[in-house]
Every structure is written in structure tokens, then in C-alpha cells.
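Report on the structure given below.
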Number of protein chains: 2
Amino acid sequence: MSKIRVIIADDHGVVRAGLRGLLAAAGLDVVGEAGTGAEAVSLARSLHPDVVLLDVRMPEMDGLQALTAIKSELPEISVVMLTVYASTEYLSRAIAAGAAGYLLKDAEPDEIVRVVRAAAEGSRVIDASLLQSVLEHTPVAEADALQQADLTQQELRVLKLIALGLTNDAIAETLVVSRNTVKTHVRHIFEKLGVSDRTQAAIWAVRNGLVE
Amino acid sequence: MSKIRVIIADDHGVVRAGLRGLLAAAGLDVVGEAGTGAEAVSLARSLHPDVVLLDVRMPEMDGLQALTAIKSELPEISVVMLTVYASTEYLSRAIAAGAAGYLLKDAEPDEIVRVVRAAAEGSRVIDASLLQSVLEHTPVAEADALQQADLTQQELRVLKLIALGLTNDAIAETLVVSRNTVKTHVRHIFEKLGVSDRTQAAIWAVRNGLVE
DNA sequence: GAAAAAATCACCCCGCAGGATGATTTTTCA
DNA sequence: TGAAAAATCATCCTGCGGGGTGATTTTTTC
């Protein structure tokens, strides 16, 4: 079994060095480094790594743009986003654009390695602490419809992940439960909201300020 | 072939009378009238009509609540919503709650009859003028991402309908094209937005202010 | 008037989503 | 402590969604 090949893209040399050491120590193969989004894309093209670690904020094409470029040209490469902010907005966009993972820079080294490994295997994993903030923090405003919906805690989490654009399988992985369990929650959510599919549920969630 | 049985629910007697005459003249059978949402629900329960015409605004349970109650208890009954406002917000909710049609009160008599007839047959039809206003009116603010997406006119319409929660078949009916055509547009939309399913496309649309 | 873009539609395939049902375990709360 | 609610998971089934390909017609644009 060959090593997982990774490209690191961040505009700060210090961060790159830190990540490189961290990943190398875990037995991963850092095959390239980029300081801009554009560089990251061309490196991905020439080196075909298993995973690209992209900082959200970079000169000459930011992380999201680079992500989009890579996924459209090289969809088989897994891209993990790195950020300092726990922004639902960005998270949602990154997921929609096909990111395999989303990491906070202050995440535990083990957590970073875990997410990169999972990404290489084709899984989608969101950093636990980031996920926490997204799932547990509900904007207080406009909570009336939410109250009326009378969702349970777990159903609420599932709904938020639906509203982020995750599939049932991705939700199952994220919440560490089985796919069947997720499907059960999803059905209950539909009943309670009075909708008939996940798209309508997502729209409901966005309109009622459940996310963002 | 028996007449289509309709219940009319509106808190204004004048409106009810107008609708009754209009529908009767078209050969439909108005089997009941209600002045409140609660009445409409109980009438629906006892009379089992083919179609219920619900005013959005009514005392004792508004139209949306009545719609939800009817659809959960008697899903086989088609419900057409009546309103004076062309609100995307309400339209989206009504569709999500299972409305078969959505009519403006100042719609042409022929149009009203057409929608009620279509609803009785199980189709989902949105009043043409209302649809027009929803489809052709794009909030100017935040049009940057939209420009970048570079969608064609028809793709834009399809995306808006996706963001209202319509299925491909419903979109096909609404735009009067084949299902295959819709699917083609949908695929192109996904490519242009860089998303992988309709839920993410809907979220994109809402976030970028494409609807509402 | 020719070339390019947009819109239309068909057929095939596959997998996930969504519906129905039943069941067990854990947690909550009166 | 005992009942109710919540969370977990399974299995079966069906259909729609989404991917791939190809093709024709209409409209736009240079």
C-alpha cells in the first residue's frame, strides 16, 4: 500500500512547514507545496496527488476558486479546505463545490491527519469542532417556525446538514450513525415540516434561518 | 364522466359568490363553501371533494395551515391556493406543503377554471401571470455570482423552479417542455454552478438571492 | 449567410432517495 | 419506577434524479 500523496497550498511558509512536518510524521507523502491558488491548481494538474490541502484565503485565486477549478478538471482528486474561521457560509459553498473535508487550522494534528486520510479514501469529513459550531449554534432570530416544527435534537442536526447540501451517506458519516438511521430521521423531518423531499427541507431551513 | 367537485374557502362572501358562479358556469360542481380555514378542513373531511380552493388569508387557521392539515389527512385531495399577492415566499411554502396550484385572485376566469381542472387531474399548475413575475423578476442585488454562473434564460427559469422545490416533472409541466429537456437543463445548471445535486443548486439559488 | 449558442428531446443506466414496517435500546420525564 | 419519547438499525420496494451520449431545431450573433 503506497503512501498517500498530498499537496499543500497556503500563502504562509510557516503554515506550510507546520503542515508538512505534521503530515510527514504521520506517514503521508507531501509531494508539493503552493503559495497561491493558481499554483495549487497547476501543481495538482502536473502531480496528480490523492489530496490537495487548500487554504481558503490565498492570493491569485482563493481557495474556493481553486477548489472549483480542481474539481472540474480533476474530479478524482480529493480537496480538503483549511480555514481559520468557522463560517457556515464558506462551509456550505465548499461542500457544494465538492470539498471532501473542511478543517480549522487550530485543529488537533491528529484530527488533521484523520481528515486527510479519510479524504484520500473518498470520504467526506468535517472537522469535529467546526461541525460542533455549525450544528449546535442556531440563530435565535426567527425561531418561531422552528419551535412549531418540534424537531428533536438529532433531527435538527440532520436538517442542518441537509441544508448544507450533504447526502444521506455524508450525513451518516458525519454524525457517525448508519445510513438507515439517517433515513429514518429524514422521513420524520419531512413529516414534521410538511415537505416531500430534501430540497424543500433545505429551502425551509434556509428560509427559517436555521443555517448561516 | 362526473363533474369535478369543488369546495371554496374564502372569508369574503362576495369572493365566494364570484367563484361559485364562475366555476358553476364552467360546469364544475361547487359542493361546499367555507369562511374559515377550520371550516374548510372539516368540510373537506366530510365531503371529500376533488379540489379545495383555499384563500391564503383567512380567520381561524390561515390558508397554509389549512393546506397542511388537508394534505396530511387527505392527501388525495388537490388544493389550489388563492391569493392577492404574488409572493415568492408564500408560493414556495405552498408548493412545499403540497399545493396543486397557486392562483392570483385577479386572474382571468378561464385561467382559474383551467388551474382547478388541472389540479383535479393531479397536475400542478401555477397561474401564468404569477409564474411570470416569479420567473422573470430577479432581485438586482447580489447579481454578481449569478453573472458569473452564466446561465441561459431557460436554465435560470429551471433553477428558480428548483429553488421553489419543484421536481423535474413539475418543472416540465410548468414550462411546458418534456421531462428530458428539463433534465438536460438541470445537468447544465449543475455544471455551471459546480454542484452535484438539486438540493445544493437550490441552496445556491437562495443564498445568491435568486428567489424571494 | 455561416457559425455558434440555446433549446428541444430520446434512450440507457444506476444508485440514492423516499415510503412502509417492524424492532430494539437508550433517554427522558412524570 | 414505569411509561413515553427519542435514537438506533434493518429490509424491501419503487421511482426519480443524475450521468453519459447523441441528435435536431431554433435562435442569436458576427
Side-chain angles (χ1 to χ4, degrees), chain A residues 71-72 75-76 95-98 122-124 135 147 149-205, chain B residues 71-72 75-76 95-98 122-124 135 147 149-205:
Chain A
K71 291 309 287 187
S72 71
E76 68 280 3
I95 288 171
S123 297
R124 287 192 152 193
L135 291 186
Q147 293 240 322
D150 194 35
L151 298 174
T152 68
Q153 272 193 24
Q154 197 74 333
E155 285 167 354
L156 194 58
R157 294 195 193 99
V158 171
L159 177 56
K160 286 183 181 180
L161 293 174
I162 287 176
L164 285 177
L166 295 196
T167 63
N168 286 341
D169 281 332
I171 294 172
E173 283 181 28
T174 301
L175 296 181
V176 200
V177 293
S178 84
R179 182 198 187 173
N180 286 313
T181 299
V182 173
K183 290 179 70 176
T184 302
H185 288 313
V186 169
R187 259 184 297 106
H188 291 158
I189 292 169
F190 290 172
E191 286 169 17
K192 291 183 179 178
L193 299 189
V195 301
S196 55
D197 60 54
R198 68 196 301 103
T199 302
Q200 296 181 339
I203 297 169
W204 188 98
Chain B
K71 292 308 287 188
S72 71
E76 68 279 5
I95 288 171
S123 297
R124 287 191 151 192
L135 291 185
Q147 294 241 322
D150 195 34
L151 299 174
T152 67
Q153 272 192 25
Q154 197 74 333
E155 286 167 354
L156 195 58
R157 293 194 194 100
V158 171
L159 177 56
K160 287 181 180 180
L161 293 174
I162 287 176
L164 285 177
L166 294 197
T167 64
N168 286 341
D169 282 332
I171 294 172
E173 283 181 27
T174 301
L175 296 181
V176 199
V177 295
S178 84
R179 182 198 186 174
N180 285 314
T181 299
V182 173
K183 289 178 70 175
T184 302
H185 287 313
V186 169
R187 259 184 295 107
H188 292 158
I189 292 169
F190 291 171
E191 286 169 17
K192 291 183 179 178
L193 299 190
V195 301
S196 55
D197 60 54
R198 70 198 299 103
T199 302
Q200 295 181 339
I203 295 170
W204 187 99

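Two residues are said to be in side-chain contact when any heavy atoms from C-beta on lie closer than 4.5 Å; D197(A) and Q200(A) meet this criterion. Side chains of L193(A) and L159(A) form a contact here, defined as non-hydrogen atoms less than 4.5 Å apart. Under the 4.5 Å side-chain criterion, counting only non-hydrogen atoms from C-beta, V158(A) is not in contact with E155(A). Side-chain contact between L164(B) and L161(B) is present, with heavy atoms from C-beta onward closer than 4.5 Å.
Two residues, R187(B) and E155(A), neighbour DNA chain D, and the one matched to the more 5' nucleotide by heavy-atom proximity is E155(A).
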(message) Show, in sequence, the C-alpha distance, side-chain angles and deciding distance for R157(B) and Q154(B), and conclude whether the side chain to side chain contact (heavy atoms under 4.5 Å, CB included) test is met.
(response) CA-CA 5 Å; R157(B) 293 194 194 100; Q154(B) 197 74 333; 2.3 Å; yes

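The CG atom of D169(A) sits 15 Å away from the C1' atom of dG18(D) (whole-angstrom rounding). The nearest whole Å value for the distance from the CZ atom in R198(A) to the C1' atom in dG18(D) is 14 Å. Atom NZ in K183(A) sits roughly 16 Å away from atom P in dT8(D) (whole-Å rounding). Taking atom CD1 of residue I189(A) and atom P of nucleotide dT8(D), one finds them 12 Å apart after rounding to whole Å. The separation between H185(B) atom NE2 and dT26(D) atom P is 15 Å, rounded to whole Å. For the pair D197(A) CG and dG17(D) P, the interatomic distance rounds to 8 Å; values are reported in whole Å. To the nearest angstrom, P of dA10(D) lies 14 Å from CG of N168(A). The CD atom of Q154(B) sits 13 Å away from the P atom of dT28(D) (whole-angstrom rounding).
Counting non-hydrogen atoms under 4.0 angstrom, N180(B) reaches a base of the nucleic acid. Backbone-only contact: S178(B) has heavy atoms under 4.0 Å from sugar-phosphate atoms and none from a base.
With hydrogens and angles disregarded, a donor-acceptor distance shorter than 3.5 Å links the side chain of K192(B) to the backbone of D150(B). With hydrogens and angles ignored, the 3.5 Å screen pairs a side-chain donor or acceptor of R198(B) with a backbone N or O of L166(B).
Contact annotation: R179(A) does not reach the phosphate of dC9(D) (side-chain N/O to OP1 or OP2, under 4.0 Å).
Taking 4.0 Å as the cutoff to heavy atoms of chain A, we find the contact window on DNA chain C bounded by dC16(C) to dT21(C).
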